[in-house]
Enquirer: 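Structure in structure tokens, see below.
What you see is a predicted model, and the numbers here were worked out from it, not measured in a lab. Just so it is clear, the values below take in all heavy atoms, side chains as well, and ignore hydrogens, waters and symmetry mates. Residue numbers begin at 1 in each chain, while the letters A, B, ... track the order of the sequences.
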2 protein chains.
Amino acid sequence: MNIGEVAKMVELPIKTIRYYEEIGFIQPRRSANGYRSFRDSDVHKLAFLGRARSLGFSIEDCRILLQLYENDTRASADVKQIAQEHLIRIDAKVKELQAMRNTLSHLIEACAGDDRPACPILLDLAMLN
Amino acid sequence: MNIGEVAKMVELPIKTIRYYEEIGFIQPRRSANGYRSFRDSDVHKLAFLGRARSLGFSIEDCRILLQLYENDTRASADVKQIAQEHLIRIDAKVKELQAMRNTLSHLIEACAGDDRPACPILLDLAMLN
DNA sequence: GCTTGACCCTCTAGTGGGTGGAGGCTTTAG
DNA sequence: CTAAAGCCTCCACCCACTAGAGGGTCAAGC
């Protein structure tokens, strides 16, 4: 398979697939013309990576998850730990964003949003309130 | 004021303050020895920027907000619009993270987390479930 | 006067995770 | 035979800083 076909199958941009090769996630063979030639196993890995990335795992997490996936003697505890640590980071991020959201929505409510200059949002940013 | 003192006052790293000068947010004077010499107005702007950034506004949003802040003939509607658009982006991000969170926490619950290789997390990533 | 340590300076390069584009092959359809 | 689509590499760029090298300056203590 050529890269374009693979890209459609796994729903990843071509550039991303080339990048994943560059960072060692996959090692597709090459055809005589120099084109990358993907095997099913490459496609499978790319799908795995796409799914892991869509769950927010970092590239380095993905690298470890992929190794664990390919290691038949893995301990599920190792996988679970990575997932749990990731969940904690997600929770922290959600909390942070919700705090922003709260502040911001209060400020927006308080702002007249007309053609006059007075603005509680700017007052808050300037900490003059 | 020198940069170190300012950094403590506005609780921004020194490097960040220099970066904010580089991108044109502030133009502190220079002392004879080449040190940056900050006026109250610079400190005030930095505090404004720090607060805006902590609410998640992008650098370019901050640039516009700062201009509006310094423009006495602004319309509060312009400020409000920027804030509303930002709120929409935050909401989208929160939703995205919560979707990840949901999937991830279900998978974590389903995973034994012991020394055996069987792992629902990896099965999900490989989309073999 | 000298040293020490805390400051400050500039400049370059790196982070993560790709993305965009230039410039140039190859393949495929008509 | 030609045009379009597809593929290749390489370099630069995105955001918002951050790290570090290499060096100048200043204040306190001896």
Enquirer: Could you tell me which residues satisfy side chain to side chain donor-acceptor pair (under 3.5 Å) with B:D42, sequence neighbours excluded, listed by chain and number?
Expert: none
Enquirer: If I take atom CD in residue A:E21 and atom P in nucleotide C:dG17, what distance separates them, rounded to the nearest angstrom?
Expert: 19 Å
Enquirer: Could you pull out all residues at least two apart from B:R18 that satisfy side chain to side chain donor-acceptor pair (under 3.5 Å)?
Expert: none
Enquirer: Can you list everything that forms a side chain to side chain contact (heavy atoms under 4.5 Å, CB included) with B:D91? Sequence neighbours excluded, please.
Expert: A:R101, B:L87
Enquirer: By salt bridge (charged side-chain N to carboxylate O under 4.0 Å, His left out), which residues pair with A:E22, not counting sequence neighbours?
Expert: none
Enquirer: Taking side chain to side chain donor-acceptor pair (under 3.5 Å) as the test, write out the residues that go with B:N71, two or more places apart.
Expert: B:T73
Enquirer: Describe the nucleic acid contact of A:R36 in one word from base, sugar-phosphate, nothing, applying a heavy-atom distance below 4.0 Å.
Expert: sugar-phosphate
Enquirer: Under 4.0 Å from a heavy atom of chain A: give me the 5'-most and 3'-most nucleotides of DNA chain D that qualify.
Expert: D:dG6 to D:dT9
Enquirer: For residues 43-52 of chain B, which residue pairs pass the salt bridge (charged side-chain N to carboxylate O under 4.0 Å, His left out) check, not counting sequence neighbours?
Expert: A:D124-B:R51, B:K45-B:E70
Enquirer: If I take atom NZ in residue B:K8 and atom C1' in nucleotide C:dC8, what distance separates them, rounded to the nearest angstrom?
Expert: 13 Å
Enquirer: Categorize B:I3 for me: base, sugar-phosphate, or nothing, with a 4.0 angstrom heavy-atom threshold over every strand shown.
Expert: sugar-phosphate
Enquirer: Determine the contact category for A:I14: base if any of its heavy atoms lies under 4.0 Å from a base atom, sugar-phosphate if only primed atoms, P, OP1 or OP2 are that close, otherwise nothing.
Expert: sugar-phosphate
Enquirer: Measuring from A:L125:CG to B:F57:CZ, what's the distance to the nearest 0.5 Å?
Expert: 6.0 Å
Enquirer: Under the salt bridge (charged side-chain N to carboxylate O under 4.0 Å, His left out) rule, collect the residues that match up with A:K93, sequence neighbours excluded.
Expert: A:E96
Enquirer: Separation of B:E22 atom CD from C:dA13 atom P, in whole Å?
Expert: 14 Å
Enquirer: Going by salt bridge (charged side-chain N to carboxylate O under 4.0 Å, His left out), name the residues that satisfy it together with B:R36, two or more places apart in sequence or in a different chain.
Expert: B:E21
Enquirer: Between B:N2 and A:S58, who's closer to the 5' end of DNA chain C by nearest nucleotide?
Expert: B:N2
Enquirer: Would you say that more than 12 heavy atoms from the other residues, nucleotides or ligands in this model lie under 6.0 Å from the CZ of A:R116, or not?
Expert: no
Enquirer: Taking 4.0 Å as the cut-off, does a side-chain nitrogen or oxygen of B:R18 come that near to OP1 or OP2 on C:dT10?
Expert: no
Enquirer: May I ask you to list the residues of residues 88-103 of chain B, by number, that have any heavy atom positioned under 4.0 Å from an atom of DNA chain D?
Expert: none
Enquirer: For B:E5 and C:dC8, what is the distance between atoms CD and C1' respectively, to the nearest whole Å?
Expert: 14 Å
Enquirer: Test of understanding: with salt bridge (charged side-chain N to carboxylate O under 4.0 Å, His left out), list the residues that count as partners of B:R53, not counting sequence neighbours.
Expert: none
Enquirer: Can you give one letter per nucleotide of nucleotides 18-30 of chain C, 5' to 3': B if a protein heavy atom sits under 4.0 Å from the base, S if only from the sugar-phosphate, - if neither?
Expert: BSBB----BS---
